[in-house]
Protein chains: 2
Amino acid sequence: MTSTAIPVSNSIADIKALIRRESRRVTSYDVASLAGVSQSAVSRCFKPGASVSKATYARVMKAAQELDYTPNAAARSLITRRSNLVAVLVSESAVSFYPDVLNELTRQFAERGMRIVLFTFVHESQLDSTLADVWQHQIDGAVVSARMLPSQIAEFERRGVPFVLFNRHLRDQSVNAIVCDQVEAARTMASRLAAAGHKRFAIIDGPADSTIAQDRRRGISERLAELGLPAPVVVSGGLDYTSGARGMREVIERCGMPPDAVMCGNDMMAIGCLDTARHEFKISVPHQMSITGFDGIAQSSWLCYNLTTLRQPVQSMAVAAADMLVGLARQLERAPERRVFSAVFVDGATARLGPAF
Amino acid sequence: MTSTAIPVSNSIADIKALIRRESRRVTSYDVASLAGVSQSAVSRCFKPGASVSKATYARVMKAAQELDYTPNAAARSLITRRSNLVAVLVSESAVSFYPDVLNELTRQFAERGMRIVLFTFVHESQLDSTLADVWQHQIDGAVVSARMLPSQIAEFERRGVPFVLFNRHLRDQSVNAIVCDQVEAARTMASRLAAAGHKRFAIIDGPADSTIAQDRRRGISERLAELGLPAPVVVSGGLDYTSGARGMREVIERCGMPPDAVMCGNDMMAIGCLDTARHEFKISVPHQMSITGFDGIAQSSWLCYNLTTLRQPVQSMAVAAADMLVGLARQLERAPERRVFSAVFVDGATARLGPAF
DNA sequence: TTGTATGCGTTATCAC
DNA sequence: GTGATAACGCATACAA
């Protein structure tokens with residue numbers, strides 16, 4: 001005699017009627033009663049590598065299919081303490097500028113059986129209020145592309161939620177991060193521009209307090225100094241099209257003679273910069289001026305632009321982020337690691353260039 | 001005498017030590033024991049509008065803060081049967097082309113206390129296998145931007161999961177949907193091009209079996225017929241830059257004399273088409289040929305393009321989708337509804353146009 | 001207003 | 001291999 005309210009055996013119609021009457025979802029008990037096995041047997045059938053006989057497995061699966069049964073992730077996560085959910089924390093502009101990164105992350109995590117919960121904010125300073133929502137859902141980890149405060153990092157650690165910084169890193173704090181080598185990339189581009197005879201450089205880049213923007217600036221400045229060239233004019237802004245356009249105007253305004261090479265912090269800015277140079281100032285690019293970007297977004301290869309830029313290996317970076325986070329969730333890794341990828345040079349048509357060095 | 005293992009009262013340090021020892025997360029029981037109240041009292045404090053005295057509320061909140069307590073969404077959803085999770089089902093190309101839609105949806109749902117779980121697929125035909133994963137997570141609803149089969153619609157209904165079609169609709173099947181009036185938009189654009197004296201029209205649009213592409217084609221064809229103009233040349237493809245470029249080539253190839261107006265199914269295609277016309281065929285746009293788009297994506301307003309297009313009211317559509325889905329989840333609405341928005345004309349520089357009629 | 005007791009649907013630990 | 005049974009952490013009906 002079983003004490004459960006659900007009879008041991010039943011017809012499909014009876015069970016469906018019961019479920020409808022109680023207006024609830026199909027549970028493993030329903031499947032068990034239809035298949036004539038225990039609830040635990042059903043549970044085991046849905047756990048890969050569990051010990052079930054072939055016969056029971058078949059009966060259970062048939063019953064499950066007939067009832068449209070799907071295990072309840074909430075109940076599962078309650079006991080397993082894993083939700084198979086990963087939070088992606090990014091600014092709205094990051095989604096706008098780098099949709100492919102989101103696609104790649106979604107795909108990579110999906111391949112590892114995990115789904116992405118998207119948390120966006122307008123300003124990175126809103127990360128804090130966003131985090132409050134993040135903790136509610138029992139996410140297994142987070143991919144963060146925002147400036148993190150030490151207090152926020154501490155909170156992740158206190159709560160035991162692993163995270164990976166994406167395209168960001170921190171000075172004076174060791175955390176797991178996936179980045180592209182900005183210094184190397186900047187030096188490469190500066191070298192090739194210099195080799196082609198450019199003399200007067202300008203930089204249009206993102207916020208002055210962004211560490212990756214600082215890296216790029218440093219890479220360029222150091223390389224130019226090494227080559228005995230004058231220091232570049234530097235303009236800071238956002239990282240969008242409009243900032244690129246504004247940057248171009250500011251550069252023209254500040255320089256007596258316009259620079260012959262303008263290196264932008266990303267492709268969006270480079271495109272804004274390029275459009276403004278061509279249409280507003282009637283500057284011929286690359287004949288009178290070279291303009292370079294960084295990222296290798298889809299738009300950079302459009303015929304109208306055909307940007308000379310450095311492509312970030314988005315897919316490799318997404319794979320790395322997924323691998324790293326899955327590893328952390330399984331407690332396989334311990335010491336913080338930074339995985340640094342190299343950007344790939346894209347020889348477009350917006351810069352006169354010397355040979356690769 | 002309470003039968004729980006957790007003592008009635010305790011110091012912060014003791015409780016934290018206990019939690020660490022058992023390597024579990026902070027629960028409402030921990031908060032209760034620190035605050036010296038029952039677990040249900042804690043639960044009530046986190047439910048807006050519950051009956052709690054001011055004094056207990058303060059004690060509980062203080063304790064919760066000291067312990068970094070956050071309610072466990074999985075446990076909550078188990079009992080409330082609501083997860084505050086919404087699935088967004090879109091193709092990767094939709095994410096790439098319309099990141100702002102994703103941003104707006106994320107924002108609108110966030111304002112309603114709901115988070116987005118992202119499910120993407122390469123081809124819309126993969127929707128089926130994606131759905132299997134969707135059911136596991138107890139989502140409260142879904143926003144779908146893909147062609148849905150009757151069987152898939154039936155499955156949503158069988159499982160009692162409300163959904164809203166976004167930018168899609170179905171013939172011969174009434175479902176909740178948010179769309180932009182393609183027929184109206186197409187007619188508007190055709191009228192204005194015709195008024196400016198264009199005679200030879202071509203259409204470059206998405207897949208022939210897409211209902212919204214069919215709508216656009218029908219709108220244009222009917223309007224041209226009404227005006228006594230010859231039927232347009234029609235080319236089908238994807239909805240991306242490359243398809244636009246290919247479309248332009250095919251149009252040139254198929255027409256003895258190139259058309260003087262090319263209407264594209266979206267901005268991405270229009271941009272590809274425009275780049276190819278200008279750079280590959282040396283066609284002067286809009287002097288020799290007018291090219292129009294549809295969507296009003298960010299790139300359409302870049303100086304290099306300044307596309308003549310019709311902007312979809314993305315924000316209004318996202319608001320509508322969120323409102324509709326939240327209503328459905330609360331069982332407030334019953335009959336399927338289609339909310340149809342009008343596109344807004346954007347007077348760019350890629351078409352010679354007559355006055356608004 | 002507050003506390004007790006119960007159940008949500010699963011996994012995990014045992015005996016068998 | 002299989003079936004009872006005990007958690008998981010919360011919300012809720014009900015008694016006090």
Would you say a side-chain N or O of [X] is under 4.0 Å from OP1 or OP2 of [N]?
X: S53(A); N: dT2(D); answer: yes
X: R24(A); N: dG9(C); answer: no
X: K47(A); N: dT10(C); answer: no
X: Y69(B); N: dC10(D); answer: yes
X: S43(A); N: dT11(C); answer: yes
X: S38(A); N: dT2(D); answer: no
X: T80(A); N: dA12(C); answer: no
X: R81(B); N: dG9(C); answer: yes
X: T56(A); N: dT2(D); answer: yes

Just how far, in rounded Å, is [atom2] of [N] from [atom1] of [X]?
X: I19(A); N: dG9(C); atom1: CD1; atom2: C1'; answer: 13 Å
X: D30(B); N: dG9(D); atom1: CG; atom2: P; answer: 9 Å
X: R82(B); N: dG9(D); atom1: CZ; atom2: P; answer: 23 Å
X: Q138(A); N: dC10(D); atom1: CD; atom2: C1'; answer: 11 Å
X: N72(B); N: dA7(D); atom1: CG; atom2: C1'; answer: 14 Å
X: Q136(A); N: dG9(D); atom1: CD; atom2: P; answer: 15 Å
X: R25(A); N: dG9(C); atom1: CZ; atom2: C1'; answer: 12 Å
X: L78(B); N: dG9(C); atom1: CG; atom2: C1'; answer: 5 Å

Nearest heavy-atom neighbours spanning [X] and [Y]:
X: L328(A); Y: P162(A); value: CB-CB, 3.6 Å
X: A322(A); Y: Q108(A); value: CB-CB, 3.9 Å
X: H137(A); Y: N84(B); value: CE1-O, 4.4 Å
X: R112(B); Y: V326(B); value: CD-CG2, 3.6 Å
X: N167(A); Y: S145(A); value: CB-OG, 4.4 Å

State which of [options] makes the closest approach to the side chain of [X].
X: S51(B); options: dC8(C), dT10(C), dT1(C); value: dT1(C)
X: I79(A); options: dT11(C), dC10(D), dG3(C); value: dT11(C)
X: T27(A); options: dT10(C), dA11(D), dG9(D); value: dT10(C)

Contact class for [X] (heavy atom, under 4.0 Å): base, sugar-phosphate, or nothing?
X: V52(B); result: sugar-phosphate
X: S77(B); result: nothing
X: Y57(B); result: nothing

Mind listing the N/O atom pairs, protein and nucleotides 13-16 of chain D, below 3.5 Å?
none

Discussion item. Is the ring pair Y69(B)/F46(B) parallel, tilted or perpendicular, if the boundaries are 30 and 60 degrees?
Written reply: perpendicular
Practice prompt. With sequence neighbours left out, write down each residue that passes side-chain hydrogen bond (donor to acceptor under 3.5 Å, both in side chains) with Q138(B), or none if nothing qualifies.
Written response: none
Worksheet entry | Under-3.5 Å donor-acceptor pair between Q39(B) side chain and dA11(D) base | yes
Discussion item. Do R76(B) and N72(B) make a side-chain contact, defined as non-hydrogen atoms from C-beta onward lying under 4.5 Å apart?
Written reply: no
Worksheet item: Between R115(A) (side chain) and T106(A) (backbone), is there a donor-acceptor pair under 3.5 Å?
Response: no
